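Worksheet: the structure to be examined is printed underneath.
Whatever order the structure lists them in is the order used to number ligands and atoms, beginning at 1. This one's a predicted model, so the numbers in the text were calculated from it and none came from an experiment.
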Amino acid sequence: MRKRSWTIRPARKEDIPRIVAISGRIWEGEDYVPDVIGEWLEEEPGEVLVAEGDGLVVAFAHLFRLFPDLVWLEGFRTDPAWQGQGAGRALAEYTIEKARSSGIRTAAFSTYIENYASLHILGGLGFTKVAEWIVLSEDLLPQARKLKQAAASTSWGPETITPRPDEMEEFLRRSPALAGSAGWLADGWRFFPFFRDSQRALSHYCWRLATRRGGRLGALLLAGKGHEGTSINFMEGEPEAMRQLLGTFLSMRPEGDLTAPGKITAPGRAFCVMIPAGGDPSQALSLLADAGFETWNGGKPDVFLYALSLEAQADRSCD
Ligand SMILES: CC(C)(COP(=O)(O)OP(=O)(O)OC[C@H]1O[C@@H](n2cnc3c(N)ncnc32)[C@H](O)[C@@H]1OP(=O)(O)O)[C@@H](O)C(=O)NCCC(=O)NCCS
């Protein structure tokens, strides 16, 4: 079937109501885009693009410049009434071409295993899988209940500390989990190349909890408030120490937190955990299961990071 053509242009403030309306029809209205669209348009170093047909915006996407030469693609959405008519592909192709012609060397995105349309479109454009994670989640209320119990049962463990940046860096540099995720650290559903800028990577986490043993960190837990809500983005180390860190983190209260302000997540918002599938995720998964978290895909990898070298693409076009 011949697909129709679309006009791609930068989004404007006046597009927000239409973007919010599209978003409201996706994932039963649980999409995070309405919470961040203002920020995407105004504050972040990036751009929102829309696909328009006959004057109607039917799809949009966000390009976020993680680095001057690395663009993060996210928030691809097409109004369900217009899906399958080429708007998503047109946006993706435009985005890649625009990034390439702006001198960006790499484009990256993450997606869930069941996002068949995205995988089909972006895979067809040459993106290849870089690393895999296992996502877990649970609603706030049952989780809080279970984790209070978990925290109560771990009061005997090694002391929970707020680690120094150099200690975290050292831990992460020798981390099998980070090596297993090709050096990318989760920040919710966005991922960040730790070794490009370790300080900036760590700045994403308002909760950094660790235990120390023999002058070194024995376990480390990093959590933050990404744009989709709160997430635990990394946990690794000695099993009992990890159990303690998890219990401590999840039992923290707004007024009694260790390192950061605010409640753990907004009411009703899912609280997600990203565990790198590389290394050995079994200990972390077992502790999280004890704490009431559930994997989405039976414990198998289900969140994938894809990247595309735009240099290679430019080189190929010169062949
Ligand atoms: C992903 C999304 C933006 C795609 O938008 P779209 O406008 O429907 O995309 P297009 O019509 O350009 O292309 C869809 C392509 O995916 C293919 N596709 C759709 N469903 C598929 C499936 N279940 N399995 C394999 N391919 C599939 C179509 O055949 C089409 O391929 P083609 O261009 O080779 O013919 C849209 O499905 C969407 O909004 N999904 C919900 C939000 C989401 O998951 N966003 C991505 C987050 S990473």
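Trp6 and Gly86 make their closest contact through NE1-C, 3.5 Å (heavy atoms, listed as atom of the first residue, atom of the second, distance). The two residues Asp302 and Val135 make their nearest non-hydrogen contact at OD1-N, 3.1 Å. Across Trp40 and Gly75, no two heavy atoms sit closer than the pair CH2-CA, 4.0 Å.
Near Ser110, the atoms of ligand 1 lying under 4.0 angstrom from a non-hydrogen atom of the residue are 48 (S). Interface atoms of ligand 1 facing Thr111, defined by a heavy-atom separation under 4.0 Å, are 48 (S).
In this structure, the protein non-hydrogen atom closest to atom 35 (O) of ligand 1 is Lys3 NZ, 2.8 Å. Considering only non-hydrogen protein atoms, atom 27 (C) of ligand 1 sits nearest to Ala117 CA, 4.0 Å. Scanning all protein heavy atoms for the shortest distance to atom 13 (O) of ligand 1 gives Ile121 CD1, 3.5 Å. At the shortest separation from atom 39 (O) of ligand 1 among protein heavy atoms lies Thr78 N, 2.8 Å. For atom 8 (O) of ligand 1, the closest non-hydrogen atom of the protein is Gly84 N, 2.8 Å. Ranking protein heavy atoms by distance to atom 28 (C) of ligand 1, first place goes to His120 CD2, 4.3 Å. Distance from atom 1 (C) of ligand 1 to its nearest protein heavy atom, with residue and atom name: Ser118 OG, 3.7 Å. Regarding atom 45 (N) of ligand 1, its nearest protein heavy-atom neighbour is Phe76 O, 2.8 Å.
The number of heavy atoms from other shown groups lying within 6.0 Å of CZ (Arg173) is above 12. Counted within 6.0 Å of CG on Asp54, heavy atoms from surrounding residues, nucleotides or ligands total 12 or fewer; the atom is thus considered open.
When non-hydrogen atoms are compared, ligand 1 lies under 4.0 Å from the side chain of Asn115 (C-beta onward) but not from its backbone. The proximity of Ala59 to ligand 1, defined as any non-hydrogen pair under 4.0 Å, does not occur for either the backbone or the side chain. Neither the backbone nor the side chain of Leu119 has a heavy atom within less than 4.0 Å of ligand 1. Counting heavy atoms under 4.0 Å from ligand 1, residue Gln85 touches it through the backbone alone.
A continuous path of ILVMFWY side-chain contacts below 4.5 Å connects Val33 to Trp27, so both sit in one hydrophobic cluster. Put simply, Phe171 and Phe195 are part of the same group of oily side chains (I, L, V, M, F, W, Y) that touch within less than 4.5 Å, one to the next. Under the 4.5 Å side-chain heavy-atom criterion for ILVMFWY residues, a single connected hydrophobic cluster contains both Val20 and Ile26.
Checked against a 6.0 Å centroid threshold, the rings of Tyr112 and Trp296 count as neighbours.
Each of Glu170, Glu238, Glu167 was checked for a salt bridge (Lys or Arg N to Asp or Glu O under 4.0 Å) with Arg212, and the lone residue meeting it is Glu167.
Using a 4.0 Å cutoff on heavy atoms, Gly86 counts as a contact of ligand 1. Residue contacts with ligand 1 include Trp27, since one or more of its heavy atoms lies under 4.0 Å from the ligand. The shell of residues lying under 4.0 angstrom from ligand 1, judged by heavy atoms, excludes Ala90.
Counting heavy atoms only, Arg89 comes closest to atom 12 (O) of ligand 1 of the residues Glu74, Glu93, Arg89. Counting only non-hydrogen atoms, the option in Arg25, Arg77, Gln83 that gets closest to atom 40 (N) of ligand 1 is Gln83.
Of the polar atoms of Gly88, at least one N or O is found under 3.5 Å from an N or O of ligand 1, judged by distance alone.
A cation-pi arrangement is not found for Arg196 relative to Phe191, the charged atom failing to lie both closer than 6.0 Å to the ring centre and inside a 45° cone about the ring normal.
Ring planes of Phe192 and Phe67: tilted class, angle from 30 to 60°.
Electrostatic pairing of Glu47 and Arg65 does not count as a salt bridge here, judged by no charged N lying under 4.0 Å from a carboxylate O.
Under the 4.0 angstrom criterion, atom 24 (N) of ligand 1 counts as having a protein heavy-atom contact.
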